[in-house]
Every structure is written in structure tokens, then in C-alpha cells.
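Report on the following structure.
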Amino acid sequence: MEELLSITNNRREFLRKAGAAAGLFALAGSPFSALAGQETVQLTILHTNDVHSRIEPFPMDGSRNQGLGGVARRSALINKIREEQKNVLLLDAGDIFQGTPYFNVFGGELEFKLMSDMQYDASTLGNHDFDNGIAGFVKQLPHAKFPFLVSNYDFSNTDLKGKTQPYKIFKKQGIKIGVFGLGIELQGLVDKKNYGDTVYQDPIVKGNEMAAFLKNDKHCDMVICLSHLGYKYKENKVSDQVLAKSTRNIDLVIGGHTHSFMKLPEDVMNLDGKMTTINQVGFAGINLGRLDYFFDRQTGKRKMLASVCPVGERILV
Amino acid sequence: MNNYKSLATKLSVLWIPLLLNFSCNKHFTLKNTEYKQYGMSSEVAADSSLIRYYTPFKQKMESEMNRVVGEASGDLIKSSDPETSLGNFYADAILAEAQKIEPAIEFSFPTTKGGIRNSIPKGAITVSHVFELMPFDNEMVILKLSGTSVQKMIDYLAASNGQPVSGIRMKVKDKKAYEVTIGGKPFDVSRNYLMVTSDYIANNGDDQSSLANPLERRNAGKIIRTALLDYIGEQTKNGKKIIPQTDGRIIIDNK
């Protein structure tokens, strides 16, 4: 319980400070004040990756992860956060399928139904989501009440044609959030008969195109990439780290595939010298990640605000 | 910022990157961000409506998993021995099932010892046992190998103190194989052989490359676990139990 309490306390402390700041604004906030029209909008991003059909918590068999995870706990926590927060986005970075007999017996139906029940807003496809072939995925799609976003798989010559989306724009209290997805190279990872005529396209090229489109053409305030590329590799292979530093306009990469238990999100300098944040929360629904973004809504000219904590002093654990 | 570190270790941190100019932002400026990670332990309350929702699936899944497919007359055991009763059962089953698809197949090497994930105890064999034995969805792969390639595989089997095989017999001294027979006939390095393995082994899994460069390769269209289940099912249908046995197919000569 200690961890949970520390979260609560920390949160309370944060809210207390935020409340105090808001109080100051309120005092100064007459319609004629210079601060008129300024308001903080909070966006709460919740995310999972590589849940791998882990419906129930890991069995109590003495293994490392015994008793952890489980959709019922995740659902209760998400419900609680939704009660507290107005603007929640719930996202998954793929590999929903494979890992427990639930998948072998029901083919992913239950995974999709439960995610729909938790009101996931979007997911991307992981390599294991092809484990029952394109046909197996298509068969379960009617159970998913959320879109699958992927922009570097060309499904034109497969039965998935028109059944995924390259991106989706969410609006939360006026904030426009553009979300798109990137999948990993399937050749060598997935049996050809399972991905069929899916064409894999360069995720850096596609990611750049998609992010520029969302930022510049669609005027999104924030661009999120759901990635199943993997956090990082020793060998020279495209990863979230490579993606972040080789692109522009991506603010956040919600990653998967490498089952990385990141203790903190990582900021990577992108091609524009701006920060692209990468995060990933292990696998099997052992953790739920939560990123809160606080935006100032401004009616006038945009102000540049420095954050509270200088980058150089951040400790990467 | 030491506070930060201690908070971080509790997976509960304020994570605040410096974002000076949130690009192309017409209406909103990012002020700061905060990060939390929730561990899904038993301390987290569960949503009973979801449990109610998946319970019928759980019951159906468990009844499928608990379905009895056959019977083991004794414990099928795995160990680091050159030959084990579980390894023999596994390799014999895959050879028999593969020969139904391609009768010309002469031997099997369907898994490494490490690929066998659990043992099968004496008594009723359930679907769950087979899932625990083989949780992965690897597929049977049929390879045509040159005699030279088969020799490479034999060298690997000998050097690694034996692996689960069927249709092939050998003696090993000083990590070298001798008196090798395949399908009851002496191994002939000058001819080609048809064999069955898994896509995992064929793709150089478990740090071995003994089956690299086959002359031909094709998928048998059946996953290993299904083949194991089919084999047990057929034995049961024919009134047979799975009998744990070692038959000296790989003998290490330590003299």
C-alpha cells in the first residue's frame, strides 16, 4: 500500500500547490486583468502495452509476477481516474493477443470486449496481433469499439483494407490531440502466411509525414505516436529512441514490444531541437502509465513558459 | 533534486520536462507535465462487473483446459540427460504426426531440451498439461537437408549432450557421434534427408544453427501443440496410454 499512498500523497501535494497557484490567479482574475482568458486544461493520458491476453492477474505460483496485473483492477483504477479527471485518453501500444489460453480458446474476442468496456480510445497493432493471421484479427474486430491506428502498414491487398485508420484526432476541452500508430517490421518476426500481403513501410518516413500532417495541417496541439517498434536496441535497428531523434512534431511516443519497464519517461531531442517523450510500461498490464499534461489556454498571443524543473537536473533512473 | 530520486524509486514522480515552445500551438501552451505509474497489485480494488463479465469465458476456457485427452502410464520426465522420456514422447509424437502429412519424413528434431517447458505427471493428461509443455505457437516445418547438413545437426546433437529426436540413433564419445542410424539404416552423408522440426529451431532458435541452409523448407500447416494433442488423442482412441520410455537412441559413451 505504501506505493499507492505515496502516489496519493504526492498527488495531493501537487494539487495543493496547483490549487494555491489557481487561487492567486483567481484573485488577480478580473475581466480586465492581464491574465483574463487564461485557464489551465489538464489532459490525462493512460496507457498500456503488450498486455498479451493477461485477463486475470498472474497465478500465485511463486513466479516473479505472481498476483500482478488483471483487467478488473485496471478497470477499477481507470474508472476512478475518469471520475476525477475530465479529459482522459486511454491508449494501448499493441500485442493485445497471445500469452494465455484465453487467446487460444477465444481468439482475442475477450481481450477486445474488455478493452471496449474500459473505453480504450485507440490501439495500434503489435506483431502478435497477427498470430491468428489477418483473418483471425478481422474476425475479432467487431468486438473492438475503438480504432486501430497504424500508418506504416499498407493493408490494401489484405482483408484488413479500410479496417484500420492511419490516425485519429481527439478533442478535449478544445485541445486537439492527434494520435497515430507505427508497427514493427513483420518479416522475420511473424510468419508470412499470417501477415500475408501487408506491406511494411519505413516508420521514420511515415512517422514524419503523419506528425507534420497532424501538427501543421490539422493544427493539433499535441501529437502522440502509438509505437510497437520497441524502446531501444543494441543493434542498429529502428526503435522509439531512433524514431524520436529522427523526426519532428511528435510530442509523445507510447511504446511497446520490448516489454520495457521504464521507471520514468525519457525525453529525446528531436530534429527540431524539441523534446519528444518516450514511455513504456512493461507488459501484461502489470502497470498502468499515466501522463498528465497541463495546458494554458490563451486567447491572445502565445506565451512561452518554462517548466518548473530544469532538464539538466532530471534524474533518469 | 534528491527528492526526485526517492520518489522515482516508488514509481511515483513528478516528471517535468522543459518544453519552452510547444510547436505549432495555436491555442494551448504546455505548462508542465506529471507522470505516475500504477502497479496492478492486490492492493488495487477490482471492478467486479468486469470479473462477472469474464467469468463465463473463464469457465469455458478452464473446461477446455481441463479436458482429458489421454493418460500417461507413468511420469514423463525432462532432465539434462542425453535422452529423456518426455523428450522421446515429444519427438516421437511430432514425427508420427508429420509423417501423416509427408510420409517420406525420416526423423524429427522438434525442440531443444530447453524448449520443453513442463513435465507431464502420471495419470490423466489434460489440454492444460500440453499447453504447459508447449505454450508457444510454433509450427511444424519440413526440411530437406543435404547429408552434409544432417552431419552438422548430428554434430550439434552430440556436442550438446543430446536433444529430443526421433528416427535417429547414435552413440557419442568425446562429443563426437558414431554408429549413427536414420530410419534404421546407417547414416549416409552422400544423400538428402527429409525431416521435421519447428520453425523456431529451423530459424536458429536456442543459439543453435544446426539446421541452417536447408535445400528446401515448407510449413506443415500445423502448430506443434496441436500435433501433440492430436497424437495423444489418437493413442487414446486406440486404447493406448502414453508410456514413458528411453530406448537408447542417444547413448553417451564415457568409457
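Chain letters run A, B, ... following the sequence lines, proteins first and then strands; every chain starts at 1.
Contact count against chain A (heavy-atom pairs under 4.5 Å) is highest for B:Lys58 among B:Lys58, B:Met65, B:Glu64.
At a 4.5 Å heavy-atom cutoff, the contact between A:Ile286 and chain B is made by backbone atoms alone. In this structure, chain A has a heavy atom under 4.5 Å from the side chain of B:Asn219, while its backbone stays farther away. With a 4.5 angstrom heavy-atom cutoff, B:Phe57 touches chain A via backbone and side-chain atoms both. At a 4.5 Å heavy-atom cutoff, the contact between A:Tyr102 and chain B is made by backbone and side-chain atoms alike. Both the backbone and the side chain of A:Glu56 have a heavy atom closer than 4.5 Å to some heavy atom of chain B. Of the atoms belonging to A:Gln173, it is backbone heavy atoms, and not side-chain ones, that fall under 4.5 Å from chain B. A:Lys80 does not touch chain B: none of its heavy atoms, backbone or side chain, sits under 4.5 Å away. Only the side chain of A:Asn279 comes within less than 4.5 Å of a heavy atom in chain B; its backbone stays farther off. Using a 4.5 Å cut-off between heavy atoms, A:Asn79 contacts chain B through its side chain alone, with no backbone atom that close. Heavy-atom distances place the side chain of A:Ile81, and not its backbone, under 4.5 Å from chain B.
B:Phe89 and B:Tyr231 have tilted rings, their planes meeting at an angle from 30° to 60° on a 0 to 90° scale.
A side-chain donor-acceptor contact under 3.5 Å links B:Asp47 and A:Ser75. With 3.5 Å as the limit, one finds a donor-acceptor pair spanning the side chains of A:Ser53 and A:Glu111. Side-chain polar atoms of B:Arg217 and B:Asn203 form a donor-acceptor pair below 3.5 angstrom. Side-chain contact annotation: A:Thr44 with A:Asp292, donor-acceptor N/O pair under 3.5 Å present. Under the 3.5 Å distance criterion, with hydrogens and angles disregarded, no donor-acceptor pair is assigned to the side chains of B:Ser146 and B:Asn192. Side-chain contact check for B:Thr126 and B:Asn66: no donor-acceptor pair (N or O, by modelled atom type) lies under 3.5 Å.
Taking the six-membered ring for Trp and the full ring otherwise, the centers of A:Phe112 and A:Phe106 sit at least 6.0 Å from each other.
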